[in-house]
**Student:** 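Provided herewith is a single structure, encoded as structure tokens, for subsequent inquiry.
Count residues from 1 along the sequence. Each ligand, and each atom within it, is numbered from 1 in the order the structure gives.
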Amino acid sequence: MSSNFAETDVVIIGAGPCGLFAVFELGLLDLKCHLVDILDRPGGQCAELYPEKPIYDIPGWPTISAQGLVDKLIEQIRPFGPEFHFGEMVTELERTDSGFRVRTDGNTTIACKVVVIAAGGGSFQPKRPPIPGIEAYESKSVFYSVRRMEDFRDEDIVIVGGGDSALDWTLNLQPLAKSLTLVHRRPEFRASPDSVNKMFALHEEKRIGFSIGQVSSLEGADGKLSAVNVKGPEGVVRLPATRLLPFFGLTMKLGPVANWGLNLNEERIEVDTVKFETSEPGIFAIGDINYYPGKLKLILCGFHEGALMAQAAKRIASPGERIVFQYTTSSTSLQKKLGVA
Ligand SMILES: Cc1cc2nc3c(=O)[nH]c(=O)nc-3n(C[C@H](O)[C@H](O)[C@H](O)COP(=O)(O)OP(=O)(O)OC[C@H]3O[C@@H](n4cnc5c(N)ncnc54)[C@H](O)[C@@H]3O)c2cc1C
């Protein structure tokens with residue numbers, strides 16, 4: 001796996017709504033941000049758990065869909081050019097002489113002056129299917145997400161699941177796979193009807209396989225998969241497989257955040273209510289992940305926390321620089337940063 005190194009002012013762990021809005025508040029103060037998220041797109045819970053549900057308590061929006069809010073936040077922070085690292089989990093946080101070094105399981109290292117943890121309910125982690133011995137194949141032949149499509153070229157791929165991830169990757173990987181079979185326990189799907197229709201069309205044209213049933217066992221050695229056995233209505237079918245992609249949904253776990261030596265309160269990070277700083281100077285926590293007396297797990301609370309956090313982060317990142325309080329309506333300097341002056 002190749003390694004990447006980057007340097008920035010602020011690393012934001014989590015690209016949910018609060019992490020996204022923090023980019024705006026930090027950007028107004030000239031701080032550049034990198035965001036890291038396990039998911040393959042921005043939006044956190046809004047995008048992953050309830051994208052089409054209307055939200056009624058975002059100030060100024062009597063109603064907006066959760067995905068609509070994420071899209072607006074992305075539009076709002078565009079002038080600040082944040083860098084996103086999707087599909088990567090922050091695993092390590094280390095203090096250095098000049099700030100922090102943040103490392104991910106995707107071999108990315110980012111040096112920064114300030115860390116903002118906006119990790120929500122914790123990391124979204126894939127649910128492992130109940131297949132005996134699957135652990136031995138994980139990250140070698142069994143994957144729960146696709147980081148690089150090239151890693152799947154000319155492979156015998158089996159995808160398991162009936163939701164959008166399973167169907168999207170069936171459609172995206174089919175052109176480069178040696179063979180691809182979708183396995184689902186029933187012929188009905190939760191995925192969008194358009195993807196389901198496209199998948200059935202590929203199956204009609206014999207460009208993919210489709211098996212009804214559940215993967216009951218794996219064949220292979222030393223982490224290298226050679227076949228999977230699918231138990232279905234007509235008995236067990238053996239499918240050649242060098243890559244298995246099970247998409248069984250996600251659960252939320254606190255994950256590596258628990259190991260960074262921060263004061264916790266029942267799986268949430270304790271912060272003060274002036275700066276939203278954790279027990280470690282220079283590490284802030286905003287949004288659902290933090291705890292203070294009276295905390296409400298609401299998006300609007302996370303936005304407020306981001307605004308106050310940014311002031312304190314600026315003092316750390318640019319010591320001695322005077323911070324002038326300004327309104328976006330009347331400050332030409334802020335408007336220049338937003339590209340509207
Ligand atoms: C069904 C439902 C309805 C809701 N309705 C409303 C509502 O009407 N109004 C309202 O205000 N709120 C509502 N909420 C709550 C709202 O969605 C949350 O308050 C909000 O998403 C919190 O935002 P966040 O940015 O703090 O965290 P999240 O949205 O949870 O995002 C955190 C992100 O951090 C990532 N992450 C975590 N750990 C790591 C790590 N180690 N490395 C990399 N990435 C990591 C996660 O993958 C995730 O994408 C609702 C929630 C649900 C589930």
Side-chain angles (χ1 to χ4, degrees), residues 11-25 33-70 72-74 77 82-94 100 102-110 112 115-126 144-145 147 165 249-260 262 264 267-269 271 276 283-292 295-307 309:
V11 168
I12 301 176
I13 303 172
C18 303
L20 293 177
F21 190 63
V23 173
F24 184 83
E25 292 295 329
C33 301
H34 279 229
L35 295 101
V36 187
D37 204 299
I38 288 163
L39 299 177
D40 58 6
R41 57 186 181 281
Q45 293 175 49
C46 294
E48 191 59 37
L49 300 182
Y50 62 108
E52 288 177 6
K53 284 200 171 157
I55 308 180
Y56 300 103
D57 56 354
I58 302 297
W61 289 94
T63 171
I64 186 168
S65 72
Q67 185 59 49
L69 173 66
V70 175
K72 286 286 169 202
L73 287 166
I74 291 289
I77 65 177
E83 297 252 354
F84 290 96
H85 305 263
F86 290 122
E88 296 188 40
M89 172 159 70
V90 173
T91 48
E92 287 174 49
L93 200 55
E94 182 198 340
F100 299 91
V102 173
R103 288 200 183 81
T104 77
D105 62 350
N107 233 1
T108 300
T109 302
I110 313 171
C112 60
V115 173
V116 177
I117 305 175
S123 42
F124 282 104
Q125 293 184 0
Y144 297 101
S145 64
R147 292 218 172 127
S165 298
L250 300 163
T251 54
M252 277 204 278
K253 295 202 173 125
L254 185 58
V257 173
N259 308 326
W260 297 337
L262 306 170
L264 297 181
E267 304 240 303
R268 281 152 72 194
I269 302 171
V271 290
F276 299 93
I283 305 181
F284 297 82
I286 59 167
D288 279 13
I289 193 77
N290 74 12
Y291 172 80
Y292 52 86
K295 164 77 183 182
L296 292 178
K297 284 193 192 179
L298 284 175
I299 295 166
L300 75 92
C301 296
F303 288 173
H304 158 81
E305 293 157 13
M309 170 280 294

**Student:** Would you mind reporting whether L73 and P17 have side-chain heavy atoms less than 4.5 Å apart?
**Tutor:**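 Yes, close enough: below the 4.5 Å cut-off.
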**Student:** State whether the shortest distance between N or O atoms of Q45 and N or O atoms of ligand 1 falls below 3.5 angstrom.
**Tutor:**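 It does: an N or O of Q45 is found under 3.5 Å from an N or O of ligand 1.
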**Student:** Indicate yes or no: does an N/O atom of G43 lie under 3.5 Å from an N/O atom of ligand 1?
**Tutor:**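 No, there is no polar N/O contact under 3.5 Å.
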**Student:** Measure from atom 38 (N) of ligand 1 to every heavy atom in A119, C46, G14 and give the option owning the shortest one.
**Tutor:**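 Heavy atom nearest to atom 38 (N) of ligand 1 belongs to A119.
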**Student:** Are E88 and R103 ion-paired here, with the side-chain N under 4.0 Å from a carboxylate O?
**Tutor:**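 Between R103 and E88 there is no salt bridge, as every charged N stays at least 4.0 Å from the carboxylate O atoms.
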**Student:** If you count heavy atoms of other groups shown closer than 6.0 angstrom to NZ of K295, is the number above 12?
**Tutor:**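 Correct, the count exceeds 12.
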**Student:** For atom 47 (O) of ligand 1, which of T91, D37, L73, V102 has the closest heavy atom?
**Tutor:**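 Looking at heavy atoms only, D37 sits closest to atom 47 (O) of ligand 1.
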**Student:** Any atom of ligand 1 sitting under 4.0 Å from a heavy atom of G302?
**Tutor:**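 No.
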**Student:** Under 4.0 Å from a heavy atom of L298: which atoms of ligand 1 are those, numbered in the order shown and with their elements?
**Tutor:**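 Checking each atom against L298, I get 10 (C), 11 (O).
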**Student:** Could you check K253 against F124 for side chain to side chain contact (heavy atoms under 4.5 Å, CB included), going step by step and ending with a plain yes or no?
**Tutor:** CA-CA 6 Å; K253 295 202 173 125; F124 282 104; over 6 Å; no
**Student:** Counting heavy atoms only, which part of E48 comes closer than 4.0 Å to ligand 1: side chain, backbone, both or neither?
**Tutor:**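 Neither part.
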**Student:** Tell me the contacting part of D57 for ligand 1: side chain, backbone, both, or neither, using a 4.0 Å heavy-atom threshold, strictly below.
**Tutor:**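 The answer is the side chain of D57.
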**Student:** Do E305 and E25 have side chains that approach each other closer than 4.5 Å (heavy atoms only, starting at C-beta)?
**Tutor:**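 They are not in contact (no side-chain heavy atoms under 4.5 Å apart), so the answer is no.
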**Student:** Taking all heavy atoms of T63 and all of P54, pick out the closest pair and write down the distance.
**Tutor:**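 Residues T63 and P54, closest heavy atoms: OG1-CB, 3.5 Å.
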**Student:** At a non-hydrogen distance cut-off of under 4.0 Å, which region of A118 contacts ligand 1 (side chain, backbone, both, or neither)?
**Tutor:**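 Under 4.0 Å from ligand 1, A118 contributes backbone atoms alone.
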**Student:** I want to confirm something. Looking only at heavy atoms, which of D288, L39, V90 is nearest to atom 42 (N) of ligand 1?
**Tutor:**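 Going through D288, L39, V90 one by one, V90 has the nearest heavy atom to atom 42 (N) of ligand 1.
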**Student:** Please confirm whether Y56 comes within less than 3.5 Å of ligand 1 when only nitrogen or oxygen atoms on both sides are compared.
**Tutor:**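 No: no nitrogen or oxygen of Y56 is under 3.5 Å from one in ligand 1.
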**Student:** For a side chain to side chain contact (heavy atoms under 4.5 Å, CB included) check, start with the C-alpha distance between W260 and I13, then their side-chain angles and the critical distance, and finish with the verdict.
**Tutor:** CA-CA 13 Å; W260 297 337; I13 303 172; 3.8 Å; yes
**Student:** Does V257 reach ligand 1, in the sense of a heavy atom lying below 4.0 Å from it?
**Tutor:**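 Flag not set, V257 not near ligand 1.
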**Student:** If you measure from each heavy atom of G121 to ligand 1, is any distance below 4.0 Å?
**Tutor:**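 For ligand 1, residue contact (heavy atoms, under 4.0 Å) with G121 is present.
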**Student:** N/O to N/O below 3.5 Å, does that happen between I299 and ligand 1?
**Tutor:**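 Yes, at least one N or O pair falls under 3.5 Å.
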**Student:** Where the side chain of T104 meets the backbone of G106, is there a donor-acceptor pair that is under 3.5 Å apart?
**Tutor:**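 Such a contact is found between T104 side chain and G106 backbone.
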**Student:** Would you check, one step at a time, whether the test side chain to side chain contact (heavy atoms under 4.5 Å, CB included) holds for Y50 with I55?
**Tutor:** CA-CA 10 Å; Y50 62 108; I55 308 180; 4.1 Å; yes
**Student:** Quick check: does G287 get an N/O under 3.5 Å from an N/O on ligand 1?
**Tutor:**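 G287 vs ligand 1: no N/O contact under 3.5 Å.
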**Student:** Please tell me if the side chains of D37 and H85 come closer than 4.5 Å, counting only heavy atoms from C-beta onward.
**Tutor:**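 Heavy-atom side-chain distance check fails, nothing below 4.5 Å.
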**Student:** Give the contacting part of M89 toward ligand 1: side chain, backbone, both or neither, where contact means a heavy-atom distance below 4.0 Å.
**Tutor:**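 For M89, the contact with ligand 1 is made by both the backbone and the side chain.
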**Student:** Consider ligand 1: state whether an atom of it lies below 4.0 angstrom from any non-hydrogen atom of I289.
**Tutor:**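 Contact check I289 vs ligand 1: negative.
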**Student:** Would you call the rings of F276 and H304 parallel, tilted or perpendicular if under 30° counts as parallel and over 60° as perpendicular?
**Tutor:**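 Because their plane-to-plane angle is over 60°, the rings of F276 and H304 count as perpendicular.
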